[in-house]
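The block underneath contains the structure these notes are about, expressed in structure tokens.
Since the structure is predicted, the reported quantities are computational estimates derived from the model, not experimental observations. Each residue takes its place number in the sequence, starting with 1.
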Amino acid sequence: MRRVSIVFLFFLMLPSFAFSQVVVRDFEGWAGVKVRKKLGDNWTLSLEEHLRMEHNMSQLDEFFTEFNAGYDILQDVNLALGIRGVRHKTGSGDLESRMRFHFETEYSHDINRTDLSFRLRYQSRFDTDEEQLLNALRFKTGMRWNPSNFPIDPYSSLEGFFKMPGRSSTGHPGVRLAIGGIWKINKTHHIRLFYHLEWNNEEYYSLWINRLGMRYDLRL
């Protein structure tokens with residue numbers, strides 16, 4: 001009787017276990033423009049416009065405008081506050097409005113033409129159809145190499161993030177690996193090209209994303 005009960009429980013739990021092993025893959029494309037302005041010795045302001053495509057870059061995911069203000073409290077330590085206004089495409093094809101706020105601190109240090117950085121970010125997002133904030137913690141470490149007499153700076157970064165409980169009773173982790181290069185046309189105009197490999201543990205499935213992107217930076 002005990003063996004029968006165990007077998008019965010196994011087959012009862014099998015569908016939910018199999019469903020949790022569903023893996024979804026996608027290829028995305030990101031494009032953006034960023035204007036950055038240095039004010040005095042400590043303040044930095046930036047304004048960004050981004051367009052993001054999903055489903056093998058065949059459908060719109062979202063587009064947004066983001067404003068950031070950063071302040072150097074020490075030579076290598078920066079505090080920043082950002083706000084993002086988003087228009088996101090839902091599963092039904094409608095565009096919904098989202099607002100996202102973040103606060104972060106970053107430490108960066110240059111060693112032999114190599115810039116190392118460590119960033120900790122706390123962010124909150126509010127959707128028009130949500131009655132609560134959706135919060136997340138993100139930690140990112142990166143490295144940028146500035147070779148002499150070469151117009152492109154290679155860089156890489158690794159970011160881990162944890163979406164706190166919101167729609168579900170448990171949070172969801174994720175990891176993003178980025179590699180790319182920054183083409184320094186001159187001191188004012190830069191073009192950033194990058195590739196992302198990202199994994200997200202969603203509520204009912206694992207999501208793997210390959211992503212290509214480009215951003216034009218204007219430094220004033």
Please report the interatomic distance [atom1]([X]) to [atom2]([Y]), rounded to the nearest 0.5 Å.
X: Y107; Y: Q75; atom1: OH; atom2: CD; value: 9.5 Å
X: H172; Y: S206; atom1: NE2; atom2: OG; value: 11.0 Å
X: I73; Y: L79; atom1: CD1; atom2: CG; value: 4.0 Å
X: Q123; Y: K163; atom1: CD; atom2: NZ; value: 9.0 Å
X: T105; Y: Y71; atom1: OG1; atom2: OH; value: 13.5 Å
X: W199; Y: L177; atom1: CH2; atom2: CG; value: 14.5 Å

Closest non-hydrogen atom pair between [X] and [Y], with its separation:
X: M99; Y: G85; answer: SD-CA, 3.8 Å
X: I152; Y: G181; answer: CG2-CA, 4.1 Å
X: I185; Y: I191; answer: CD1-CD1, 3.9 Å

Open item on the list: Could you check whether atom NZ of K89 has more than 12 heavy atoms from other residues, nucleotides or ligands sitting under 6.0 Å from it?
Closed with: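 Count over threshold, so yes.
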TODO: Mark yes when over 12 heavy atoms from residues, nucleotides or ligands other than W145 sit less than 6.0 Å from its CH2; otherwise mark no.
DONE: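 It does not: W145 CH2 has 12 such atoms or fewer within range.
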TODO: Please check if the side chain of R113 supplies one atom and the backbone of N146 the other of a donor-acceptor pair under 3.5 Å.
DONE: yes
Quick one: list whatever passes side chain to side chain contact (heavy atoms under 4.5 Å, CB included) with [X], sequence neighbours left out.
X: F27; answer: N56, M57, N210, L212
X: D94; answer: T90, S92
X: N186; answer: T188, H189
X: V33; answer: Y216

Open item on the list: Do T44 and R36 make a side-chain contact, defined as non-hydrogen atoms from C-beta onward lying under 4.5 Å apart?
Closed with: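 Yes - at least one pair of side-chain heavy atoms lies under 4.5 Å apart.
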Task: Side-chain heavy-atom pair P147, D153 within 4.5 angstrom cut-off - done: yes
Task: S97/R87 under side-chain contact (heavy atoms from CB on, under 4.5 Å): CA gap, chis, key distance, verdict - done: CA-CA 5 Å; S97 297; R87 294 288 286 170; 2.8 Å; yes
What side-chain donor-acceptor pairs closer than 3.5 Å can you find for residues 58-70, not counting sequence neighbours?
residue : atom : partner : partner atom : Å
S58     : OG   : H55     : O            : 2.5
E62     : OE1  : H88     : ND1          : 3.1
T65     : OG1  : E49     : OE1          : 3.0
T65     : OG1  : E49     : OE2          : 2.7
E66     : OE1  : R84     : NE           : 2.5
E66     : OE1  : R84     : NH2          : 2.6
E66     : OE2  : N68     : ND2          : 2.7
N68     : OD1  : H102    : NE2          : 2.9

Open item on the list: Side chains of D72 and N78 only: does a donor on one sit below 3.5 Å from an acceptor on the other?
Closed with: yes
Task: side-chain hydrogen bond (donor to acceptor under 3.5 Å, both in side chains) evaluation trace for S124 with N135 - done: CA-CA 4 Å; S124 292; N135 304 312; 2.5 Å; yes
- [ ] Walk me through it: do V24 and D26 pass the test side-chain contact (heavy atoms from CB on, under 4.5 Å)?
- [x] CA-CA 7 Å; V24 178; D26 195 11; 5.7 Å; no
Open item on the list: R121 vs E104, test: salt bridge (Lys or Arg N to Asp or Glu O under 4.0 Å). Steps then yes/no.
Closed with: CA-CA 4 Å; R121 169 183 287 185; E104 66 186 31; 2.7 Å; yes
- [ ] I would like to know whether I182 and Y155 meet side-chain contact (heavy atoms from CB on, under 4.5 Å); could you show each step before the answer?
- [x] CA-CA 8 Å; I182 302 172; Y155 77 91; 4.0 Å; yes
- [ ] Enumerate the residue pairs fulfilling salt bridge (charged side-chain N to carboxylate O under 4.0 Å, His left out) with a member in residues 204-220, sequence neighbours excluded, ordered by first and then second residue.
- [x] E28-R211, E198-R211, R215-D217
Task: Cationic N near anionic O, under 4.0 Å, E96 to R98 - done: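 Yes, charged N to carboxylate O under 4.0 Å.
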Task: Cluster overlap F194 with L158, hydrophobic side-chain contacts below 4.5 Å - done: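 Not linked; separate clusters.
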